[in-house]
Amino acid sequence: MGQILVYTGQGKGKTTAALGLAFRALGRGHRVGVVQFIKGKWMTGERHQAARTEGLDFHVMGEGFTWESEDLTRDQQAARKAWEKSRELIQGGAHQVVILDEITYAIHYNWLTLDEVLETLASRPAGTSVVLTGRHAPQGLMDAADCVTEMNKVKHPFDQGQKALVGVDF
């Protein structure tokens, strides 16, 4: 029996928690699919590792952070393509874990409807767990989830002017 897990909130660590779960599942011989909805421009550490990790299907489909975007229509189209890949991975039944990294932004910006996401989650194969990450998780998504973790920012290096750290932040 699979679960729906949501990692949300204003704090750091949502993607990190999801990738930790992926590492755990891979260690048990499970297949894992990851779709990144926003990240795209940076060559992250997880992207490097995914290229050499058996059993991990990793899809970077975003156009970068929306607050840096020059064309939100392009971002919306990228989110729709990421959603189609997500549905394929969830419904295909080949993956025991599917991670939808930063999907909540696509819902928050109305690029995807909550109803279509909930419908896909409800009709997933019995042994498939789906992890959804990002700020602004809608209440309906949290209500449908088996587990919701909210990351709260207490202190963050960015607030002190520190830039993202290779190997820690990306």
Side-chain angles (χ1 to χ4, degrees), residues 1-9 11-65 78-107 112 114-138 140-152 164-170:
M1 181 173 171
Q3 296 179 344
I4 299 170
L5 301 99
V6 175
Y7 299 141
T8 192
K12 180 175 165 35
K14 296 173 287 292
T15 298
T16 303
L19 294 175
L21 189 147
F23 187 69
R24 179 175 288 156
L26 289 164
R28 294 295 186 170
H30 294 181
R31 285 200 54 196
V32 175
V34 176
V35 177
Q36 291 193 314
F37 276 75
I38 302 294
K39 294 177 181 110
K41 292 182 180 179
W42 291 10
M43 184 50 108
T44 61
E46 59 262 29
R47 212 164 150 180
H48 284 292
Q49 185 60 40
R52 51 184 190 248
T53 301
E54 190 174 328
L56 177 60
D57 297 314
F58 203 86
H59 305 275
V60 179
M61 302 191 72
E63 295 289 336
F65 297 107
R80 293 298 318 168
K81 287 180 186 174
W83 175 240
E84 291 306 314
K85 175 55 75 176
S86 300
R87 286 182 43 205
E88 175 187 315
L89 293 175
I90 292 167
Q91 295 171 341
H95 298 85
Q96 288 78 31
V97 175
V98 177
I99 296 169
L100 308 180
D101 188 35
E102 297 180 330
I103 188 175
T104 60
Y105 295 101
I107 298 168
L112 305 175
L114 178 58
D115 287 343
E116 68 186 312
V117 173
L118 293 176
E119 181 181 312
T120 298
L121 293 174
S123 65
R124 73 192 189 284
T128 303
S129 292
V130 181
V131 182
L132 304 96
T133 74
R135 296 177 182 198
H136 313 294
L141 180 60
M142 292 191 289
D143 291 344
D146 298 291
C147 176
V148 176
T149 299
E150 185 173 358
M151 310 294 190
N152 292 310
L165 185 60
V166 174
V168 173
D169 295 305
F170 67 97

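Side chains are part of it too, since the values below use all heavy atoms of this structure and drop only hydrogens, waters and symmetry mates.
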Quiz item: Which value, rounded to the nearest 0.5 Å, describes the distance between L114 atom CG and D143 atom CG?
Solution: 9.5 Å
Quiz item: Should we say atom CD of E150 is surrounded by more than 12 heavy atoms from elsewhere, each under 6.0 Å from it?
Solution: yes
Quiz prompt | K85 and E88 ion-paired at < 4.0 Å | solution = yes
Quiz item: Quick one: does W83's side chain get under 4.5 Å of L100's, heavy atoms only?
Solution: yes
Practice problem: Test side chain to side chain contact (heavy atoms under 4.5 Å, CB included) on F58 and Q36 and set out the steps. | Solution: CA-CA 8 Å; F58 203 86; Q36 291 193 314; 3.7 Å; yes
Practice problem: Heavy atoms only: give me the nearest Q91-P125 pair and the separation to one decimal. | Solution: O-CG, 4.0 Å
Quiz prompt | Crowding at CZ, R80 (>12 non-hydrogen neighbours, <6.0 Å) | solution = yes
Exercise. Measure across K12 and D169 and return the closest heavy-atom pair with its distance rounded to 0.1 Å.
Key: NZ-OD1, 2.7 Å
Self-check item: Close side-chain approach of V32 to T53, heavy-atom, < 4.5 Å
Solution: no
Quiz prompt | Worked verdict on Q96 versus R31 for side chain to side chain contact (heavy atoms under 4.5 Å, CB included) | solution = CA-CA 6 Å; Q96 288 78 31; R31 285 200 54 196; 3.8 Å; yes
Quiz item: Rounded to the nearest 0.5 Å, how far does OG1 of T104 lie from CZ of R135?
Solution: 9.5 Å
Exercise. Look at atom CZ of F170 and say whether more than 12 heavy atoms of other residues, nucleotides or ligands are closer to it than 6.0 Å.
Key: yes
Quiz item: Is S129 reaching over with its side chain to a backbone N or O of Q3, donor-acceptor style, under 3.5 angstrom?
Solution: yes
Quiz prompt | Heavy-atom pair of closest approach, residues A145 and V6 | solution = CB-CG2, 3.7 Å
Quiz item: Taking F37 as the fixed residue, which of L132, L112, T133 is the one that meets the side chain to side chain contact (heavy atoms under 4.5 Å, CB included) rule?
Solution: L112
Quiz item: Looking only at atom types and distance, does a side-chain atom of D146 sit under 3.5 Å from a main-chain N or O of I4, one as donor and one as acceptor?
Solution: yes
Exercise. Nearest 0.5 Å please: distance from the CE atom of M142 over to the OG1 atom of T8.
Key: 6.5 Å
Practice problem: Could you give me the CA-CA distance, side-chain angles and deciding distance for R87 and E84, then say whether salt bridge (charged side-chain N to carboxylate O under 4.0 Å, His left out) is met? | Solution: CA-CA 5 Å; R87 286 182 43 205; E84 291 306 314; 3.6 Å; yes
Quiz item: To the nearest 0.5 Å, what is the distance between CD1 (I90) and OG1 (T128)?
Solution: 8.5 Å
Practice problem: Output the distance between atom CG (L26) and atom CG (L19), rounded to the nearest 0.5 Å. | Solution: 10.0 Å
Quiz item: Under 3.5 Å, side chain of T149 to main-chain N/O of Y7, donor-acceptor pair present?
Solution: no
Self-check item: Distance, nearest 0.5 Å, that separates CG of L121 from CD of E116
Solution: 11.0 Å
Self-check item: For the student: nearest non-hydrogen atoms of V97 and A25, plus distance
Solution: CG2-CB, 3.8 Å
Quiz item: Side-chain contact, heavy-atom cut-off 4.5 Å: R124 with V98?
Solution: no
